[in-house]
Amino acid sequence: MKQILLVIFSFCLHFVLVKFGSLFTLPFGYASIVWPVTGVILGMYFLFGRWILIGALLSSLLAFYQDSHLAFLPNYLTASLAVINIIQLVFTKYLIVRLCKLPININKPYNTIKFLILTGPFSSFIFSVIFFVILWFGTALELEVLMYICTVKWVGEFFGIVFLTPIFLFLYKNDFVRRTRRGKAAIITSVFSFILITSLYLVVSNIDYKEKQLNFINTTEPFIEQFNITQTKIKHHIKSLDGLFQASSYIGRSEFELFTNKINSDDTKIRALAWLPHITHEQRDEFEQSLKNEGVTNAQISQLTNLGMITALKQPYYLPVFYIEPMQENQSAIGLDVSTHPVVSESVMKAIHNKNYAISPLLSLAQQQDKLSGIIVYYPIYIKNEIGIEQFTGLVEVIFEIDVLLSDIYKQLGEGNFTYQLSYDDNNNLFKQESHHEDSIFTYSFDITMFDKNGSLTFDSTTEFEYKLINWAHLSIMVVGLIIGVICVMFVFFIVSFNSNLTRKVTESTAELLKKNDELEAANQAKNLFLANISHEYRTPLNAIMGFTEIAKRETTDEVAKQYLAKIDNASDILLNIVNDVLDLTKMQAGEMALESIAFQPSAVTTSVVEMFNSKAKEKSISLTCDFAPSYDLWVQGDELRFKQIIINLLNNAIKFTDNGGVSIWGECIDNVDRTRTLLLKVIDTGIGIKPEDQERLFSSFAQAESATTRKYGGTGLGLSIVKQLCGLMGGDIQLTSDVAKGSEFTVKLNLPKSVPLSKESRAGQQLGSSKTGAIKDMNVLVVEDNKINQTIVQKQLVSLGARCDLADDGQQALNYLKHNTPDLILMDIQMPVMDGFTASTKIKQDLRLQHIPIVILSASVGKEDRDKASSLGIVDFIYKPFKQADLFKALSKYSTIDKI
């Protein structure tokens with residue numbers, strides 16, 4: 001009785017574990033990386049003997065005959081697989097008895113290693129090879145797939161045996177493993193390792209499977225898109241034919257042929273375009289005579305019946321094919337009356353009734369009756385008579401073969417990754433690709449609209465695509481996990497003794513590392529905040545220096561003073577560039593750098609920068625030349641100012657480090673297939689060059705070639721760092737090649753969206769026009785600024801432009817002023833005492849009397865949060881301190897009276 005119970009128990013347990021392991025079977029079938037059944041049954045076999053094998057054999061036979069992947073194997077091969085699984089257990093026990101000294105003392109590493117190797121990897125490998133041979137002769141799987149399946153089987157059984165078999169040997173007293181007081185620790189370690197490694201692999205595999213699934217869906221998108229594009233082209237052809245018949249009261253066959261040849265193209269794979277006039281019975285003889293006069297072979301109106309083509313019976317009207325192009329391949333369809341056609345007549349009537357497109361079911365074409373893949377799209381032509389009433393005059397039709405159309409798209413875009421089928425009209429019409437099969441791993445359906453019918457495109461992965469699921473890297477992760485797990489089981493008894501101490505040390509080390517990490521992050525944030533604040537503080541006094549310098553240059557007549565002021569102005573520009581570089585760097589590191597997106601012409605931007613540096617090059621007696629490819633005139637969409645900043649930094653460096661020879665700049669624009677353009681820009685100089693060991697760190701912040709370079713040439717070392725990060729933000733990169741004493745070549749590569757040239761009006765709108773000067777005069781501007789020096793500068797600059805200026809020290813004073821006055825424009829600082837600029841702007845925008853007044857932010861720095869807040873208030877213009885009169889002029893010009901008229 002005990003033996004029967006063992007057989008029943010082992011049968012049930014084996015069957016349940018097989019079903020559990022099958023949940024994790026490979027997409028190809030046959031094997032699972034999570035296969036606990038071998039380890040569990042082997043452990044029970046060690047404890048309870050051969051009766052366990054009988055139940056396991058019966059369960060194996062039942063499970064294998066139920067496995068759909070093995071259904072096509074001969075019965076003897078299926079039975080052989082079941083028997084081999086049992087022989088594996090017997091063989092493993094034989095190895096342990098013959099080669100190990102029993103009972104095994106697992107406290108000794110050598111005995112433990114020997115036991116685990118013999119039960120796990122060695123015996124599993126032998127029988128995985130046998131499994132490989134059976135599948136090799138019994139299946140048509142590729143060699144790589146077979147190798148992967150058998151490797152997975154080996155790893156899965158190895159995995160189950162190593163971690164689960166020892167558990168049974170620790171539970172009960174037996175002749176194979178010596179009892180130990182630490183048995184529970186070994187059991188817990190084995191179970192935990194099994195679950196952990198299994199979970200890790202399943203998570204990684206699931207992520208990889210989902211990525212492959214998404215990748216499969218993505219591979220079908222170009223096919224779907226091209227299908228929709230083709231359908232749109234067909235609609236355009238139909239509309240063009242409609243326009244042709246609307247434009248002329250009579251269209252001859254030659255005119256129809258000429259027109260269809262112009263609109264039709266080979267890429268849509270249309271079989272024919274045709275005209276089917278509305279012919280009454282009274283007009284039938286005249287119509288058939290016209291066919292005879294044109295030399296048509298079948299010069300009569302015909303009707304399709306079950307017996308074939310016959311002369312059309314008498315009826316009130318007919319819709320025969322009259323013109324069809326190309327005519328030579330489709331002449332057999334001429335004269336066919338579609339109003340009585342047994343397949344398409346319903347679609348024809350629907351098109352006439354709805355005055356819209358109507359698509360036919362799949363049918364055999366009159367000109368090619370050997371296959372059922374033809375589709376016809378009908379469109380009615382209604383023409384207004386003299387009294388304005390629409391009259392039905394006939395149909396235009398587009399004929400295509402769905403297999404030819406889809407096959408062409410497939411060859412271009414999808415071949416090798418998937419097979420497809422098309423259905424429409426509630427699946428009443430179904431077309432399958434010849435190689436389409438539905439027993440695939442990945443399937444994706446996409447709903448479409450085919451003219452007046454709803455349908456779907458269904459894609460199934462090909463074997464070639466499914467082979468991409470083979471992932472040796474993930475399997476390697478599992479093997480590494482197994483090795484680590486085995487080590488854990490082997491040394492668990494040594495680990496237990498100092499486990500608590502190790503845990504404490506790990507916890508302390510982790511806490512210390514987290515603390516250090518927090519300190520580093522805080523220090524980095526503090527650095528960025530400091531740089532941003534110090535840059536902001538520099539701008540306020542620099543605004544005074546640059547502002548008063550510009551005013552003084554304009555007001556003084558002393559030439560010596562003008563020279564001094566020019567030098568102050570140049571030095572201020574240098575200092576401002578340094579401040580801007582530091583601020584740009586902090587924005588980039590904080591992820592707050594936002595790029596504009598406007599249309600610009602690279603050649604024009606580059607030329608304007610080169611003109612800026614001409615005088616600087618002449619001062620050093622070096623040449624500055626341009627060599628642009630014709631494509632460099634193409635337009636792109638991006639941040640024109642940041643692109644300009646890249647060129648300025650590169651040219652400035654090139655001229656700075658070049659004393660002899662010259663600097664040349666080369667540009668080219670390359671069209672890409674994904675609606676982008678690759679912008680290539682090279683700046684080449686004959687300067688001092690850069691050592692190879694210095695080139696790697698040249699694009700790092702605050703880095704120059706060497707300290708001697710800094711002493712001789714100056715600079716912060718931020719320019720190239722900013723250039724590299726700007727290139728990255730624009731989807732590109734910068735490369736350097738250089739030889740010491742020979743020169744350097746910087747190559748910028750940017751990927752930007754394509755754009756079309758701006759109209760003359762748009763370009764004029766981007767430029768400041770001298771005609772605005774008159775409109776600026778007498779503008780009343782309210783300046784809200786708490787700094788008295790800045791108030792003086794703004795006031796003088798505005799007065800110089802002819803505008804009137806009133807001042808307010810803070811937001812509250814501005815609101816008090818606005819109670820009795822309505823200026824044309826408000827220049828608003830952000831940071832002010834009493835009431836800040838945003839609070840005041842909010843109140844102004846909420847006042848119906850004042851909300852029309854444009855507000856321009858006037859501030860030393862504006863971050864991303866400030867821009868977002870300004871945008872929510874409808875404020876889009878900013879003037880950054882330090883500013884020049886041209887900045888004020890630009891803002892006033894935008895909101896001048898001329899613009900408002």
Side-chain angles (χ1 to χ4, degrees), residues 520-521 523-536 538-539 573-596 609 613 638-658 663 665 679-685 687-738 743-752 861 863-864 880:
L520 289 173
E521 288 184 357
N524 187 55
Q525 291 177 358
K527 179 208 71 174
N528 289 339
L529 182 61
F530 169 77
L531 290 176
N533 288 338
I534 202 68
S535 300
H536 179 276
Y538 278 146
R539 286 175 175 272
D573 285 337
I574 294 172
L575 181 57
L576 178 60
N577 287 333
I578 294 173
V579 172
N580 285 337
D581 283 348
V582 173
L583 191 59
D584 284 345
L585 183 66
T586 57
K587 284 182 179 179
M588 290 177 185
Q589 292 179 344
E592 295 181 353
M593 175 66 76
L595 298 182
E596 301 290 339
V609 176
F613 283 92
D639 194 322
E640 177 181 352
L641 293 178
R642 293 302 178 183
F643 177 62
K644 196 171 187 178
Q645 184 178 357
I646 291 173
I647 305 172
I648 289 173
N649 278 332
L650 292 178
L651 275 182
N652 187 53
N653 273 355
I655 293 174
K656 182 198 297 186
F657 295 112
T658 302
V663 177
I665 184 166
L679 207 60
L680 292 176
L681 180 76
K682 292 185 179 181
V683 177
I684 307 167
D685 65 66
I688 62 175
I690 303 165
K691 297 178 181 178
E693 60 268 23
D694 293 330
Q695 293 180 20
E696 295 182 1
R697 61 186 184 87
L698 195 63
F699 294 104
S700 302
S701 302
F702 305 102
Q704 287 194 341
E706 55 185 19
S707 58
T709 304
T710 305
R711 289 194 298 271
K712 181 177 180 181
Y713 295 97
T716 62
L718 291 176
L720 290 178
S721 172
I722 291 172
V723 167
K724 185 171 182 64
Q725 295 188 62
L726 285 176
C727 289
L729 290 173
M730 296 185 188
D733 198 5
I734 181 171
Q735 301 293 331
L736 164 65
T737 57
S738 181
S744 304
E745 178 179 311
F746 290 87
T747 302
V748 173
K749 182 179 179 181
L750 306 177
N751 287 317
L752 299 174
S861 64
K864 184 177 183 299
Y880 299 100

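In this chain, numbering begins with 1 at the start of the sequence shown. Atom set for the values below is all heavy atoms of this structure, side chains included, hydrogens, waters and symmetry mates excluded.
Ser738 and Ser744 get closest at one heavy-atom pair: OG-OG, 2.8 Å. The two residues Asp639 and Leu595 have their closest heavy-atom pair at OD2-CA, 3.4 Å.
Distance CG/Leu651 to NZ/Lys644: 12.0 Å, rounded to 0.5 Å. Summarising the geometry, atom CG belonging to Asn653 is positioned 5.0 Å from atom CG belonging to Leu720; distances are rounded to the nearest 0.5 Å. In this structure, the separation between CE on Met730 and CZ on Arg642 is 8.0 Å, given to the nearest 0.5 Å. Taken from CG in Leu726 to CD1 in Ile734, the straight-line distance is 10.0 Å, to the nearest 0.5 Å.
Residue Val748 is tested with Val683, Leu680, Leu650, Leu679 for a side-chain contact (heavy atoms from CB on, under 4.5 Å); the sole match is Leu650.
Between Phe613 and Ile648, the closest side-chain pair of non-hydrogen atoms falls below 4.5 Å. Contact annotation: the side chain of Phe643 never approaches that of Leu752 to less than 4.5 Å [non-hydrogen atoms, C-beta and beyond]. A heavy-atom distance below 4.5 Å is found between the side chains of Leu681 and Ile647.
By the salt bridge (charged side-chain N to carboxylate O under 4.0 Å, His left out) test, Lys749 pairs with no residue at all, sequence neighbours left out. With sequence neighbours left out, the side-chain hydrogen bond (donor to acceptor under 3.5 Å, both in side chains) criterion links Gln735 to Asp733. Asn751 pairs by the side chain to side chain contact (heavy atoms under 4.5 Å, CB included) definition with Asn672, Thr678, not counting sequence neighbours. Asn652 pairs by the side-chain hydrogen bond (donor to acceptor under 3.5 Å, both in side chains) definition with Lys616, not counting sequence neighbours. Under the rule for a ring pair (Phe, Tyr, Trp, His ring centres under 6.0 Å), Phe746 has no partner lying at least two apart in sequence or in another chain.
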Item checked: Candidate pair Ile722 and Gln645, rule side chain to side chain contact (heavy atoms under 4.5 Å, CB included), full reasoning -> CA-CA 9 Å; Ile722 291 172; Gln645 184 178 357; 3.7 Å; yes
